[in-house]
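Counting starts at 1 for both ligands and their atoms, following the listed order. Values reported hereafter were calculated over all heavy atoms of this structure, with side chains retained and with hydrogens, waters and symmetry mates removed.
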Amino acid sequence: STAQEELLAKEFLLTHDQTSSEMCYQSNIAEWRYSSDITDENQRLKLEQSLVSASFERLAWKNITSFNWEPFTDLDLKRKFRLLSVLGPAALKEDKLTQYRKAIDAMEKIYSTAKICSFTNPGDCGLSLDPEITEKMSKSRNFDELKHIWVQWHGQSGGKMRSHYQNFVELSNKAAQMNNYSDTGAYWLRNYESETFQTDIEELWQTIKPFYQQLHAYVRAKLRAHYGEDKIPKNQPIPAHLLGNMWAQSWGNIEDLVLPYPGKTSIDVTPEMLKQGYTPKKMFEMSEEFFTSMGLLPTPPEFWSGSIIEKLPGKEMVCHASAWDFCNGKDFRIKQCTKVDMEDFITVHHEMGHIQYFLQYKHLPLVYREGANSGFHEAVGDTLALSVQTTKHLKEIGLLDKSAVQDEESTINYLLVTALDKIAFFPFAYIMDKWRWDVFDGSVTPDDYNCHWWKLREEYQGIRSPVTRSEIDFDPGAKYHIAANVEYIRYFVSFVIQFQFYKSLCMTAGQYDPHNSALPLHECDFYRNKEAGAKLAAMLAMGSSRPWPEAMRAVTGQDRMDASAFREYFKPLEVWLIAKNKELGEPIGWNSDGLNCQ
Ligand SMILES: C=C(C[SeH])C(=O)N1CCC[C@H]1C(=O)O
Ligand SMILES: [Zn+2]
């Protein structure tokens, strides 16, 4: 009977939980060893372990699916079986799985070890993405130097991945189909448990797009003032190499070129951090203190002994920041090639947000030790970072002078700088997966990979390659998440819901009152507020045990993604931008006629 079978199913899950935790630990150890020390031997061991894990997962999956779980009356048990009944890439036969893993490993290795030659010192060809290339993209204001760095990086990274990516797509789609999904895109979207998810994302984009275009127009006008009319003509997309970031995904690094009221307080406290002798360790300790000040959980000793928070000299390692859960309820780590600057101080909070989620749900069965959806996991740290970056908080921790003025103009400066990261990001995050959904569902074939990428870059971001591109190039591979096969729409979701979480926690902390102009949303700092901490902790402790609208309701009272908190936060800036663009006579939007890809 079903009742009997449900009892057996519960029994089975107890042992399954134990064995899958051990397997997860072994996999993570092998992956950690490789990504913190890229050698052939560590790569071989990582591949070997992934095959062992896959055979374990295949066996577990056979046991799971031997239960007739659909009619289960215990809905929690049924949810667990539904989640566990998707095997993933381990459905591939060993030889195909080996090819699949080798394709991804090759791309991640190319990305993480790529080097380029300096523009000013052509003999120096040892520049890595982290820190040299990133530093140059952020600081150089020389059009040709930026173009050199941009072209070289795209050639040395994505340019070497095309065949691997093509092979990966084929194998990944085959695995998706063996899991009864039409393609990898559909397989990825199961995480959001909603038939209307892609429509919801498009609708969110439609509400944000007008604001993005205002920001784009203003930034273009300011870039024209610096680089000249011939380089930045009106009505055209912005050249992709001038935004302070290799992928033009966040524009905060060109604050100096675009600040509306120069000379007023800037929240880029990097100089002060350096002056005060900040170290990566201190940045992590300060981040942890922010979490514990709200009554959230401290990191265990294993975190400090196991993490790698600076680039290891003399080694090749995956520098892209990441947070790791070793599935034993004790071992949690971050790997980050931390630089002492404001941008990395925010990233530290982003990664510590992942660790906090791991800590809050570590008591749950393994199947539920995930974010309510992947966007939730990306939103935790950013939500707290919105509080940390306020002038109020930066004064509190001594990174901003107490006498720093706060008036209309400094408010516009603050909101503009925040918008350079938070608004500019949306179209980038959208096309990162729009391009892949199109590739996975076959509507884009390999001989269209690169020009489809630039078509989307122009249409959504109003960004254009600084040099003519062709299908010899493979520019999507120049971004980590494409090379390492990490889904990206999670960040679009995060950038919407983090403002919903922030607004709600601010109201809980009494730091924001819509009817009191002395407590505007963007100045809210819930540092040390235990009620806000408790509310957030209650949601985090749910893991993925309930559909994400229920987790959302636990924090905000709403059960859907909603851009209105985001619009409310930036409202003063939106009004200012519209007026400013009129005053500058800067046309809004761009022609995407001269698509420079063929
Ligand atoms: C910091 C991480 C590790 Se989950 C990251 O990949 N992020 C954080 C923001 C967007 C995205 C990126 O760097 O592209
Ligand atoms: Zn993250």
Side-chain angles (χ1 to χ4, degrees), residues 31-32 35-36 108 111-112 129-131 133-134 137-138 153 157-158 191 240 243-253 280 283-284 287 307-309 311 317-325 332-339 341-359 370-386 389 418 420-436 457 461 463 475-499 501 540:
E31 283 171 35
W32 176 272
S35 59
S36 50
E108 187 174 28
Y111 184 94
S112 298
L129 179 66
D130 232 320
I133 296 172
T134 303
M137 288 305 291
S138 167
W153 170 256
S157 59
N191 178 265
L243 283 306
N245 171 276
M246 180 60 79
W247 308 279
Q249 72 183 68
S250 60
W251 304 350
N253 292 320
M283 290 157 73
F284 277 88
S287 175
S307 293
I308 296 174
I309 60 173
K311 186 170 186 177
M317 61 184 275
V318 177
C319 264
H320 193 85
S322 55
W324 299 58
D325 178 348
F332 306 94
R333 306 179 197 174
I334 283 172
K335 181 168 50 60
Q336 182 175 337
C337 302
T338 314
K339 292 183 295 299
D341 64 26
M342 182 66 179
E343 189 175 12
D344 270 18
F345 192 41
I346 298 297
T347 302
V348 165
H349 286 80
H350 176 94
E351 296 307 328
M352 290 294 271
H354 289 303
I355 298 295
Q356 186 61 215
Y357 222 149
F358 297 152
L359 294 169
E370 299 287 345
N373 71 41
S374 302
F376 277 63
H377 232 298
E378 300 305 333
V380 181
D382 285 12
T383 300
L384 272 65
L386 284 170
Q389 68 171 48
T418 306
L420 291 174
D421 286 338
K422 298 294 182 183
I423 297 182
F425 183 73
F426 279 108
F428 175 77
Y430 196 8
I431 64 169
M432 276 290 284
D433 276 1
K434 220 167 168 37
W435 180 81
R436 288 189 282 187
R457 286 274 262 178
Q461 277 190 277
I463 296 287
D475 296 321
K479 177 62 189 170
Y480 175 77
H481 299 67
I482 305 256
N485 187 40
V486 177
E487 181 253 29
Y488 210 86
I489 204 68
R490 64 183 66 175
Y491 299 106
F492 188 107
V493 170
S494 161
F495 275 51
V496 172
I497 65 178
Q498 64 187 244
F499 286 92
F501 295 163
L540 299 177

- Query: Is any N or O atom of Q249, backbone or side chain, closer than 3.5 Å to an N or O atom of ligand 1?
  - Reply: yes

- Give the atoms of ligand 1, by number and element, whose distance to some non-hydrogen atom of A321 is under 4.0 Å. 3 (C)

- Can you figure out which of Y491, W247, F425, F428 has its heavy atom closest to atom 4 (Se) of ligand 1? Y491

- Message: Is a donor from one side chain sitting under 3.5 angstrom from an acceptor on the other, for S322 and E351?
- Response: no

- From atom 2 (C) of ligand 1, work out which of R490, M432, E351, H354 has a heavy atom at the shortest distance. E351

- 4.0 Å heavy-atom contact, S322 with ligand 1: no

- Indicate the ring-plane relationship of H377 and F358, choosing parallel, tilted or perpendicular according to the 30° and 60° boundaries. tilted

- Are side-chain N/O atoms of D344 and T338 paired as donor and acceptor at under 3.5 Å? no

- The angle formed at the Zn ion (ligand 2) by OE1 of E378 and NE2 of H354 is about (to 10 degrees) 100°

- Ignoring hydrogens and angles, tell me if any N or O in the side chain of D421 forms a donor-acceptor pair with the backbone of S250 under 3.5 Å. no

- Atoms of ligand 1 less than 4.0 Å from E378 heavy atoms? 4 (Se)

- Message: So, regarding H350 and ligand 1 (criterion: nitrogen or oxygen to nitrogen or oxygen, under 3.5 Å), is there a contact or not?
- Response: no

- Query: the Zn ion (ligand 2) to H350: any N/O/S contact under 2.8 Å?
  - Reply: yes

- Would you please classify the geometry between the F345 ring and the H349 ring as parallel, tilted or perpendicular, with 30° and 60° separating the classes? perpendicular

- Considering only protein heavy atoms, which is closest to atom 14 (O) of ligand 1, and at what distance to one decimal place? Y488 OH, 2.6 Å

- Looking only at protein heavy atoms, which one is nearest to atom 6 (O) of ligand 1, and how far off is it? H320 NE2, 2.7 Å

- Query: Is any side-chain N of the basic residue among K422 and D382 closer than 4.0 Å to the acidic one's carboxylate O?
  - Reply: yes

- Taking the non-hydrogen atoms of Y480, is any one of them nearer than 4.0 angstrom to ligand 1? no

- Would you call the rings of Y491 and Y488 parallel, tilted or perpendicular, where under 30° means parallel and over 60° means perpendicular? tilted

- Task: Check ligand 1 against K479 and write out every atom of the ligand that is under 4.0 Å from a heavy-atom position of the residue.
- Result: 12 (C), 13 (O), 14 (O)

- Is K339 salt-bridged to D130, cutoff N-O under 4.0 Å? yes

- Positive for ring pair (Phe, Tyr, Trp, His ring centres under 6.0 Å) with Y480, one of Y111, W247, W153: Y111

